[in-house]
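Just below is one structure, and these are the notes that go with it.
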Amino acid sequence: MMEISVAQANKTLPTFWQYVNDNNDKFGKRIDRRKQRLSLIFVIISMALIASSQWLTYLPNWLMLGIGAIGILYFGFEAINGGESYYNKQSGGSIKSLGNFNFFNSRSINVQQRLVQAFRESDYDYLIEAPTAHNQPLQMHIFEDKEGRELYIQLMIFGSQFKPITEVITLCDDDFDEYEKLFKMKLAENK
């Protein structure tokens, strides 16, 4: 009999960002128009740099064209897609990713099952104390709403792509106070 891994058993769970998009009553998306306008100004400056590359002789022509083209691509992308951020409608706080850490020996199904069990039983101390290593498939992703004093955590596994293996859990109030510092210390250890 073939054993099914934790990742294969949970194919339909939403990722954190899907969870945010699905909960419109709690989360919203802000567009920072100021950042978009600033990016458009840099696009215009980059276009002017390309247009004036023949007249400005203090830098090589290829360098001016290259800088201008990179500026148009980068700042054009920022003008179109940049300036968007998610926020908690109840607190007004922005949702920021604190980061993630990989669990040691998480290729083992037994280790995966124990970590998922600890997550589902709210044994976050066990998860914080679990050894970590780089390039391991099982990761804990941590997001924060500092103003609303909420942490959002989820276990994800990497195969050919990241897949959630647990639901998103929200830690707030006393749990936020207790675990925010501990998660930040754990993330700092793993850089």
Side-chain angles (χ1 to χ4, degrees), residues 6-7 9-40 75 77-104 106 112-132 134 136-158 161-191:
V6 175
N10 294 296
K11 291 183 180 180
T12 59
L13 291 171
T15 66
F16 174 73
W17 296 114
Q18 291 167 335
Y19 168 80
V20 167
N21 283 325
D22 292 345
N23 289 296
N24 293 330
D25 55 323
K26 183 171 181 172
F27 300 104
K29 188 186 286 191
R30 290 184 187 142
I31 297 175
D32 186 353
R33 300 285 182 209
R34 187 170 158 241
K35 185 176 180 181
Q36 286 183 324
R37 284 189 211 110
L38 187 61
S39 294
L40 283 174
F75 291 112
F77 180 79
E78 283 292 314
I80 293 168
N81 297 321
E84 291 184 352
S85 63
Y86 288 94
Y87 70 100
N88 184 327
K89 289 180 179 178
Q90 296 162 351
S91 69
S94 293
I95 307 298
K96 305 275 185 199
S97 173
L98 291 182
N100 62 61
F101 51 87
N102 304 1
F103 293 101
F104 178 73
S106 62
Q112 289 177 13
Q113 289 173 339
R114 176 60 187 114
L115 292 167
V116 169
Q117 177 185 359
F119 186 89
R120 290 193 174 137
E121 293 173 355
S122 303
D123 189 358
Y124 307 121
D125 292 322
Y126 177 83
L127 296 170
I128 289 169
E129 293 169 8
T132 58
H134 295 288
Q136 295 293 310
L138 187 60
Q139 300 180 354
M140 177 182 277
H141 291 247
I142 307 165
F143 301 87
E144 175 184 49
D145 167 15
K146 190 139 184 103
E147 288 181 41
R149 298 181 54 233
E150 290 185 341
L151 290 173
Y152 310 97
I153 59 175
Q154 184 176 37
L155 292 181
M156 305 273 288
I157 195 156
F158 185 78
Q161 62 184 8
F162 278 106
K163 292 181 182 177
I165 59 171
T166 62
E167 60 285 338
V168 175
I169 299 291
T170 302
L171 302 176
C172 51
D173 301 325
D174 292 339
D175 287 337
F176 175 85
D177 295 334
E178 181 179 352
Y179 290 109
E180 180 201 24
K181 291 176 187 159
L182 294 173
F183 282 135
K184 284 183 177 180
M185 287 181 357
K186 180 78 167 183
L187 291 166
E189 289 173 10
N190 293 295
K191 285 191 176 185

Give the C-alpha distance, both sets of side-chain angles, the deciding distance and a yes or no for side-chain contact (heavy atoms from CB on, under 4.5 Å) between Arg149 and Glu180.
CA-CA 9 Å; Arg149 298 181 54 233; Glu180 180 201 24; over 6 Å; no
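Scanning for salt bridge (Lys or Arg N to Asp or Glu O under 4.0 Å) contacts around Arg37 gives an empty result, with sequence neighbours left out. Partners of Asn21 by side-chain hydrogen bond (donor to acceptor under 3.5 Å, both in side chains), not counting sequence neighbours, listed by chain and number: Tyr86.
Between Gln117 and the options Arg120, Glu121, Gln113, a side chain to side chain donor-acceptor pair (under 3.5 Å) holds for only Glu121. Paired with Tyr152 under the rule ring-ring contact (aromatic ring centres under 6.0 Å, His included), one option of Trp17, Phe143, Phe27, Tyr19 passes, and it is Phe27.
A donor-acceptor pair is defined here as one N or O able to donate and one able to accept, closer than 3.5 Å; no such pair exists between the side chain of Asn23 and the backbone of Lys26. A donor-acceptor pair under 3.5 Å is absent between the side-chain atoms of Glu144 and the main chain of Leu151, judged by distance alone. Within the 3.5 Å criterion, the main-chain N or O of Ser94 finds no donor-acceptor partner in the side chain of Glu147. Within the 3.5 Å criterion, the main-chain N or O of Gly28 finds no donor-acceptor partner in the side chain of Lys89.
Here the two rings, on Phe101 and Phe103, have centers that are under 6.0 Å apart.
Taking the six-membered ring where the residue is Trp, Phe183 and Tyr124 present perpendicular rings, their angle passing 60° and hence far from 30°.
Contact detail for Phe16 and Gln154: the closest heavy-atom pair is N-OE1, 3.0 Å. The two residues Lys186 and Ile128 come nearest to each other via the heavy atoms NZ-O, 2.7 Å.
By the 4.5 Å heavy-atom criterion applied to side chains, Ile153 and Phe119 are counted as neighbours. The shortest distance between side-chain heavy atoms of Leu127 and Met140 falls below 4.5 Å. When side chains are defined from C-beta on, Leu115 counts as touching Tyr126, because their heavy atoms get closer than 4.5 Å.
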